[in-house]
Amino acid sequence: VQLQASGGGLVHAGGSLRLSCTASGIIFSGSFTAWYRQAPGKQRELVAALTVVSATTYADSVKGRFTISRDNAENTVYLQMDSLKPEDTAVYYCNVVKGQLYWGQGTEVTVSS
């Protein structure tokens, strides 16, 4: 199983990015998918999650700005990030739980003020 994350980059505060995480070797349908992030010197934290029945949950710090979605046909989970803030700067990781936990390699997001 491999998870390939992409879409990170440098953006000014107030801008938007869309992260993608595409899986191979696993079928997304029936899985729990999530995005985490880890800022320098901080612990990895949950950003957003999407359950098997497509219920969503978000960290308080991103509610109303980030949206998680999943395309089962494409085996891809997305994180749309709007109104970005400098404090959103981090490496973003996707994960999938289906029988066991799988992590992607991370994609770096830098938000300049």
Side-chain angles (χ1 to χ4, degrees):
V1 175
Q2 288 190 328
L3 301 179
Q4 182 68 44
S6 62
L10 173 64
V11 63
H12 291 299
S16 298
L17 285 173
R18 189 176 81 153
L19 307 183
S20 301
C21 177
T22 300
S24 58
I26 190 171
I27 297 175
F28 262 11
S29 178
S31 69
F32 173 96
T33 53
W35 286 94
Y36 283 72
R37 68 186 180 188
Q38 187 166 18
K42 295 187 177 181
Q43 291 188 332
R44 191 173 296 190
E45 63 175 356
L46 175 68
V47 175
L50 188 58
T51 71
V52 172
V53 295
S54 298
T56 56
T57 187
Y58 296 93
D60 287 343
S61 59
V62 307
K63 280 181 182 176
R65 301 187 298 120
F66 290 12
T67 304
I68 187 171
S69 62
R70 183 171 62 212
D71 185 335
N72 288 337
E74 296 293 327
N75 255 16
T76 300
V77 60
Y78 302 97
L79 185 68
Q80 177 66 41
M81 306 188 295
D82 299 317
S83 301
L84 282 161
K85 303 176 181 180
E87 50 264 44
D88 295 319
T89 295
V91 178
Y92 285 72
Y93 299 88
C94 58
N95 76 20
V96 176
V97 179
K98 191 171 186 181
Q100 63 184 80
L101 173 64
Y102 304 96
W103 284 97
Q105 88 286 5
T107 184
E108 188 167 1
V109 172
T110 303
V111 184
S112 63
S113 56

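This is a predicted model, so every value here is computed, not measured.
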Exercise for review: Kindly determine whether Q80 and S69 satisfy side-chain contact (heavy atoms from CB on, under 4.5 Å), including the steps that lead there.
Suggested key: CA-CA 8 Å; Q80 177 66 41; S69 62; over 6 Å; no

Practice task
Show your working on salt bridge (Lys or Arg N to Asp or Glu O under 4.0 Å) between D60 and K63 and close with a plain yes or no.
Solution key: CA-CA 5 Å; D60 287 343; K63 280 181 182 176; 3.1 Å; yes

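In this structure the side chain of M81 never reaches within 4.5 angstrom of the side chain of D88, judged on heavy atoms. Using a 4.5 Å cut-off on side-chain heavy atoms (C-beta onward), F66 and L84 make contact. Side-chain contact between V109 and L19: present, with at least one pair of heavy atoms (C-beta onward) separated by less than 4.5 Å. With a 4.5 Å cut-off on side-chain heavy atoms, R37 and E45 count as touching.
Taking every heavy atom of both residues into account, S83 and S16 meet most closely at N-OG, 4.3 Å. Here the closest heavy-atom approach between residue V62 and residue V47 is recorded as CG2-O, 3.6 Å. Closest approach of S29 to K98, counting heavy atoms only: O-NZ, 2.7 Å. Of all the heavy atoms in G8 and T107, the pair that sits closest is N-OG1, 3.1 Å.
Atom CD1 of I27 has 12 or fewer heavy atoms from other residues, nucleotides or ligands within 6.0 Å. Atom CD of Q105 is surrounded by more than 12 heavy atoms from other residues, nucleotides or ligands within 6.0 Å.
Remark: side-chain polar atoms of Y78 are not paired, donor with acceptor, to backbone N or O of T67 under 3.5 angstrom. Although no hydrogens or angles enter the test, the distance criterion places no donor-acceptor pair under 3.5 Å between the side chain of T110 and the main chain of T89.
A donor and an acceptor atom, one from each side chain of T22 and N75, are nowhere located under 3.5 Å apart.
Interatomic distance, CZ of R18 versus CG of L79, reported as 10.5 Å (0.5 Å rounding). Atoms CG and OG, on D71 and S20 in that order, are 10.0 Å from each other to the nearest 0.5 Å. Distance check: L3 CG to I26 CD1 gives 7.5 Å after rounding to the nearest 0.5 Å. Here the CG-SG distance, from N95 to C21, works out to 8.5 Å after rounding to the nearest 0.5 Å.
Transitive grouping of hydrophobic side chains (ILVMFWY, heavy atoms separated by less than 4.5 Å) brings V1 and L50 into a common cluster. Put simply, L46 and L101 are part of the same group of oily side chains (I, L, V, M, F, W, Y) that touch within less than 4.5 Å, one to the next.
Among residues at least two apart or in separate chains, ring pair (Phe, Tyr, Trp, His ring centres under 6.0 Å) pairs with a member in residues 4-52 are Y36-W103.
Every residue meeting the side chain to side chain contact (heavy atoms under 4.5 Å, CB included) condition with V91, not counting sequence neighbours, appears here in chain and number order: Y93, E108.
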